[in-house]
Amino acid sequence: MSEAHAPEAEASRDFIREVITQDLKSGKTDTLVTRFPPEPNGYLHIGHAKSMCLNFGVAGEFGGHCNLRFDDTNPTKEEHEYIEAIKRDVSWLGFDWGEHLYFASGHFETLYKWAEHLIVNGLAFVDDQTAEEIRETRGTLTAPGTNSPFRDRSVEENLDLFRRMRSGEFAEGVRVLRAKVDMASGNINMRDPVIYRVLHASHPRTGDTWCIYPTYDFAHGQSDAIEGVTHSLCTLEFADHRPLYDWLIENLPVPSVPRQYEFSRLNLTHTVLSKRRLIQLVEEGHVNGWDDPRMPSLCGLRRRGFPPAAVRDFAQRVGITKSDNVIEMALLEHCARELLNKISLRRSAVLRPLKVVIENYPEGESELLEAVNNPEDEGAGQRQVPFSRELYIEREDFMEEPPKKFFRLAPGREVRLRYAFFITCTDVIKDENGEVTELRCTYDPETRGGDAPDGRKVKGTLHWVSAAHAVEAEVRLYEHLFTEAEPSLGADFLDGINPESIEVLEGCMLEPALAETPVGETVQFERQGYFAADPDGTPDRPVFNRTVGLRNTWAKLQASGQANT
RNA sequence: UGGGGAAUAGUAUAAUGGUAGUACGACGGGUUCUGGUCCCGUUAGUCUAGGUUCGAGUCCUAGUUCCCCAGCCA
């Protein structure tokens with residue numbers, strides 16, 4: 001019997017999903033286990049989001065699971081504060097590690113035992129050389145290294161020394177444990193890498209239990225093996241470590257054999273993603289903390305108002321390959337706009353208010369008008385907005401001498417106030433400096449709701465807020481943190497910070513409904529962009545962060561000088 | 001003069017020897033009570049040189065360019 005319908009179109013898949021598919025099909029593994037292994041020494045950023053979407057993503061797609069593992073092997077850099085922050089960010093992005101929470105430090109006893117195993121098998125030795133001596137004898141990129149004079153110690157002596165390292169007998173730097181691999185290897189990671197060092201530091205989780213700690217190379221792959229990770233997915237710079245990763249797995253009594261695969265890390269224009277530079281931005285006060293909305297950190301994106309689903313969509317669109325890349329910020333912004341357009345409530349907010357008096361509207365009176373909450377979602381319903389004699393409109397929505405393509409308010413011109421009435425500008429009031437301070441207008445009561453019964457059209461529709469009902473707010477406008485698409489990464493990278501990356505607007509006028517916006521929710525200020533309620537705000541005086549502006553063809557026309565043509 | 005990795009429109013990513021496709025961007029147009037959304041269209045690409053093949057982005061050879069590696073960081 002022939003199948004009637006065409007085969008499902010195969011979704012295009014990256015090389016990692018290809019490998020997993022193969023391994024599952026060939027029976028190399030029955031279940032898929034991945035891991036997301038942050039070091040608790042900083043906050044997660046959008047580059048980590050790419051990794052999480054891959055690791056948790058494939059685990060979900062192939063019916064496996066993803067471990068959240070803290071790679072906490074260096075107590076001199078790591079802090080407990082980061083562990084909770086990282087968990088919060090992983091959850092926010094929408095991923096659930098369930099019961100699979102691990103710490104490399106949780107494996108310390110096994111790792112120690114395995115280090116002795118290496119010693120017993122003649123595959124590791126205690127080196128008495130200083131760090132400097134080790135560096136000098138490591139060779140260079142093009143010249144091989146030379147063996148340590150301590151390389152041929154007896155198993156007994158090595159065991160004794162290593163145990164005394166553990167018992168705290170030696171100061172930091174005096175002795176290390178090195179794997180005995182090959183000092184002539186072209187791969188520097190194979191030149192007898194240090195696998196244990198003395199660190200008399202209190203560990204966030206194990207306290208003072210240990211004074212020797214495994215290095216990354218001796219902890220990562222083994223942790224993978226202990227946890228039953230099948231596919232250990234990391235970024236390209238670890239490819240050089242894979243031979244060592246495999247060497248250790250082969251020479252240790254591991255319960256399972258994980259494989260490492262490398263993909264290229266995310267780079268984004270107009271920002272930096274290296275942990276070192278991000279830390280510098282925070283510590284030197286170039287931004288206001290890790291959650292500054294200009295930061296590419298996940299907590300920064302959250303505060304900025306990016307929905308986690310938009311970040312996931314972004315990660316999915318960016319793809320997984322092994323080629324270096326720099327993704328345009330415009331793609332992230334597109335993902336935010338696309339989602340937010342569908343789900344965000346529309347509200348009216350006047351950022352730079354200009355007073356308008358409707359001269360033929362009775363003083364002291366007001367009325368409620370119906371406004372649509374989200375034209376993209378009928379289920380979002382409607383709300384009522386108050387209208388009265390004195391209003392605010394956007395300063396930039398009025399020009400005394402408008403260029404040809406300016407469709408908004410000007411002397412003698414009629415425009416629509418959205419969901420309200422047509423108004424016509426009858427007079428312009430200025431101060432002694434010639435600055436426009438107030439507009440006098442008339443309204444047409446017949447156009448209530450926004451349409452003229454006689455069918456006449458207007459070219460412009462403006463947002464507005466009733467002065468008597470307005471809620472005053474602070475609104476923070478954000479731009480790219482760095483002016484250049486690809487900021488210089490030298491010591492001078494701070495010079496590339498965009499001096500206009502933040503603009504704080506006071507005295508913004510919001511429609512009343514906005515006062516109740518829950519912190520963290522992102523709404524659309526009509527005709528302007530998406531804005532998220534910031535925790536700095538109060539019901540009396542809300543604070544909003546601009547997530548991303550609406551596409552603005554008028555601004556483009558102005559910028560290109562075509563507004564008058 | 002070592003080892004590892006990568007080269008497809010401006011950016012990112014598909015095409016697994018058989019019509020180089022998609023998304024973002026840019027540009028133009030239509031619709032519109034958001035100069036938004038939506039819709040339509042235009043733009044623009046296989047690093048180079050040889051070779052194999054009826055046919056090459058894909059296979060072979062030789063180059064070129066870019067990225068990573070010399071922490072007791074991860």
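The figures here come from the full heavy-atom set of this structure, side chains too, leaving out hydrogens, waters and symmetry mates. All chains are named by letter (A, B, ...) in the order of the sequence lines, taking the proteins before the strands, and each is independently numbered beginning at 1.
Between R551(A) and the phosphate of rU37(B), there is a side-chain N or O to OP1/OP2 separation shorter than 4.0 Å.
At a threshold of 4.0 angstrom between heavy atoms, the contacts of V372(A) with the nucleic acid are absent.
E227(A) and H107(A) share a donor-acceptor pair across their side chains, judged by distance under 3.5 Å alone.
Using the six-membered ring where Trp is involved, F162(A) and Y112(A) have ring planes that are parallel, under 30° apart on the 30 and 60° scheme. Taking the six-membered ring where tryptophan is involved, the planes of Y213(A) and H203(A) are essentially parallel, since the angle between them stays under 30° and well short of 60°.
Residue ring and base: W554(A) counts as stacked with rG35(B) (centre distance below 5.5 Å, interplanar angle below 30°).
Judged by distance alone, with hydrogens and angles left aside, Q524(A) brings a side-chain donor or acceptor within reach of the base of rU34(B), the pair sitting under 3.5 Å. Side-chain atoms of R408(A) come within donor-acceptor range of the base of rG35(B), with a qualifying N/O pair under 3.5 Å. Judged by atom type and distance alone, E376(A) reaches the base of rG36(B) through a side-chain donor-acceptor pair under 3.5 Å.
The partner of rG45(B), taking Watson-Crick or G-U wobble pairs whose two distances both stay under 3.5 Å, does not exist in any strand shown. Applying the Watson-Crick and G-U wobble criteria (two distances, each under 3.5 Å), rG50(B) pairs with rC60(B). Under the Watson-Crick and G-U wobble criteria, each requiring two contacts below 3.5 Å, nucleotide rU1(B) is left unpaired. If you check rU19(B) for Watson-Crick or wobble pairing at under 3.5 angstrom, you find it has no partner at all.
Between the CE atom of M329(A) and the P atom of rG10(B) there is a distance of 22 Å, rounded to whole Å.
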Is there a side-chain hydrogen bond (donor to acceptor under 3.5 Å, both in side chains) between R35(A) and S232(A)? Walk through the geometry before answering.
CA-CA 7 Å; R35(A) 103 273 87 114; S232(A) 188; 3.1 Å; yes
